[in-house]
There are 2 protein chains.
Amino acid sequence: MMELTRKGEYAIRGIVYLASRPMDQVCLLSDIAAAVEVPPTFLAKIFQQFSKIGLVKSYRGTGGGFIIGRDPEKITLLEVVEAVEGPIVPNRCAIREGECPRDASCTIHPVWLNVQKQVRSILKKVTLRDLAANTTSLPT
Amino acid sequence: MMELTRKGEYAIRGIVYLASRPMDQVCLLSDIAAAVEVPPTFLAKIFQQFSKIGLVKSYRGTGGGFIIGRDPEKITLLEVVEAVEGPIVPNRCAIREGECPRDASCTIHPVWLNVQKQVRSILKKVTLRDLAANTTSLPT
DNA sequence: ATCTTAGAAGATATAAAAAGTCTTTTAGGG
DNA sequence: CCCTAAAAGACTTTTTATATCTTCTAAGAT
Ligand code: SF4
Ligand code: SF4
C-alpha cells in the first residue's frame with residue numbers, strides 16, 4: 001500500500017542528481033538517465049513536466065540539456081513528488097472536504113487527514129540540497 | 001499518491017460496521033454490504049480474506065453470516081489495512097533492507113523509512129473500537 | 001541557409017493492477 | 001434431501017502504469 005510509482009522514483013533520482021551538479025553546467029538528458037539508471041525516454045517525459053512548472057530549466061539544440069530550476073535548498077521533496085504523482089491523498093476523502101458524502105460523520109475520515117498531514121510534513125522538511133550527494137566536484 | 005484502493009476502503013467500512021454490532025449477532029454479508037454501500041460480491045471476497053486470518057468469523061448455511069473475530073479493541077486499523085492491501089511501503093526500499101541495491105548509500109532511503117514508520121504508527125493507534133460508531137443498539 | 005543536436009509534444013503500445021462478476025463447491029439447518 | 005449462505009476460484013472489464021515512437025521546434029555549427 002501507498003507505494004510510489006516508478007515514475008515518482010525515477011523523477012526523484014533524476015532531479016536529485018541534477019541538484020547535485022553545479023547550476024552553470026547544462027546536463028544532457030541521456031547523461032542523467034545513465035547516471036541514475038532510468039529509461040531515457042521515460043525520464044524525458046518526467047523532465048518535461050518538471051520544466052513546465054520550473055523545477056528544471058531546459059535548453060534545446062547543441063549544448064542543450066537541463067539545469068535545476070532554482071536553488072536546491074528551495075525545492076522540497078514534497079514538491080517533486082506531488083509534481084509527478086499528484087497530491088498526497090491516502091484516501092479520496094482527503095482530496096477535499098465533501099469529496100466523500102460520508103465524511104461529515106465518518107470516524108475514519110480524521111485518520112486519513114492525519115496521515116496526509118504527517119506524510120506531507122515529512123516530505124516538506126526534506127530539500128533537494130539535503131538529498132544531493134556531494135558529487136559536485138566529480139568528473140563529468 | 002499513496003491512495004488506498006476501493007478494496008481497502010470497502011474492507012474498512014465493512015469490518016468497522018461489523019465491529020459496531022454485538023458479537024453474538026451473526027450478520028448476513030448482504031446486510032453488511034447494503035449498510036456500508038459496497039458491492040456484495042466484492043465484499044464477499046474481502047471478508048473471505050479476513051476470515052482466513054481470523055479478523056472475522058464466518059458461519060455457513062441457514063442463520064449463517066459473519067461476526068467480528070475478536071474484541072474490536074484488539075484490532076487495529078493497521079492490521080485491517082495490511083490484511084487487504086499488503087504491507088505499507090512508500091517505496092520498494094522500505095520492504096526490506098537490500099531490496100534496492102542503492103539503499104546503503106541512498107540519501108532518500110531514510111525518508112521513506114520514516115514515512116513508513118509514521119504512517120504505521122498512526123494506523124496502529126486506532127482500534128476498531130475507536131472507529132465503531134455507536135450503532136450497537138440500533139434496530140437490525 | 002541548412003545541417004546537426006537535443007528537447008517538446010503527443011500518439012501509441014504493452015503490461016499490470018484494480019474492480020467487479022460469475023460459477024461451482026462446501027457446510028449447516030430445517 | 002432441500003434450502004441457505006459462505007468458500008473458492010475462474011473470469012471479465014476497466015483503469016493505471018510503464019514505456020516507446022514519431023513528428024515537431026529551437027538553437028548552435030558550418
Ligand atoms: S474514510 Fe470515511 S470519509 Fe473517507 S472515504 Fe471512507 S467513508 Fe468516506
Ligand atoms: S529511495 Fe533510494 S534506496 Fe529507495 S528505492 Fe529509491 S534509490 Fe533505492
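Within every chain, numbering begins at 1; the chains are lettered A, B, ... in the order of the sequence lines, protein sequences first and strands thereafter. We use all heavy atoms of the structure for the numbers below, so side chains are in, but hydrogens, waters and symmetry mates are not.
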Which residues pass the salt bridge (Lys or Arg N to Asp or Glu O under 4.0 Å) test with A/Arg60, sequence neighbours left out? none

Scan nucleotides 15-30 of chain C nucleotide by nucleotide, 5' to 3', and note B when protein non-hydrogen atoms come under 4.0 Å of the base, S if they reach only the sugar-phosphate, - if neither. ----SSB----BBB--

Return the value, rounded to whole Å, for the distance between atom CD of A/Gln48 and atom C1' of C/dA6. 12 Å

With a 4.0 Å cut-off on heavy atoms, is A/Phe66 in touch with a base, just the backbone sugar-phosphate, or nothing at all? sugar-phosphate

Going 5' to 3' along DNA chain D, which are the first and last nucleotides with any atom under 4.0 Å from a heavy atom of chain B? D/dT4 to D/dG9

A/Ser51 side-chain N/O to C/dA8 phosphate OP1/OP2 under 4.0 Å: yes

Checking the side chain of A/Arg102 only, and the main-chain atoms of B/Val36 only, is there a donor and an acceptor separated by less than 3.5 Å? yes

How is B/Lys57 classified with respect to the nucleic acid when contacts are heavy atoms under 4.0 Å: base, sugar-phosphate, or nothing? nothing

Which pairs would a plain distance check flag for residues 78-92 of chain B, meaning a side-chain donor or acceptor within less than 3.5 Å of a matching protein atom at least two apart in sequence or in another chain?
from, atom 1, to, atom 2, distance (Å)
B/Glu79, OE2, B/Arg70, NH2, 2.5
B/Glu82, OE1, B/Arg120, NH2, 3.3
B/Glu82, OE2, B/Ile88, N, 3.1
B/Glu82, OE2, B/Arg120, NE, 3.4
B/Glu85, OE1, B/Thr5, OG1, 3.2
B/Glu85, OE2, B/Thr5, N, 3.0
B/Glu85, OE2, B/Thr5, OG1, 2.8
B/Glu85, OE2, B/Gly8, N, 3.4
B/Asn91, ND2, A/Glu9, OE1, 2.6

Test of understanding: with salt bridge (Lys or Arg N to Asp or Glu O under 4.0 Å), list the residues that count as partners of B/Arg96, not counting sequence neighbours. B/Glu99

In whole angstroms, the gap separating C1' of C/dA8 from CZ of A/Phe50 amounts to 16 Å

Which ring-ring contact (aromatic ring centres under 6.0 Å, His included) pairs, counting each pair once, include a residue from residues 64-119 of chain A, with sequence neighbours left out? A/Phe47-A/Phe66

Check whether A/Arg13 reaches the backbone of A/Glu37 with its side chain - one donor and one acceptor, N or O, closer than 3.5 Å. yes

Which atoms form the tightest heavy-atom contact between A/Leu43 and A/Gly14, and what is the distance? CD1-CA, 4.4 Å

In whole Å, what is the span from the CG atom of A/Asp31 to the C1' atom of C/dA6? 12 Å

Rounded distance in Å - CG (A/Leu43) to P (C/dG7): 10 Å

Roughly how far, to the nearest 0.5 Å, is OG1 of B/Thr76 from CG of B/Leu131? 10.0 Å

With A/Ile75, which of A/Thr127, A/Ile68, A/Val126 fulfils side-chain contact (heavy atoms from CB on, under 4.5 Å)? A/Ile68

Quick check on DNA chain D: between B/Phe47 and A/Gly63, whose nearest nucleotide comes earlier from the 5' end? B/Phe47

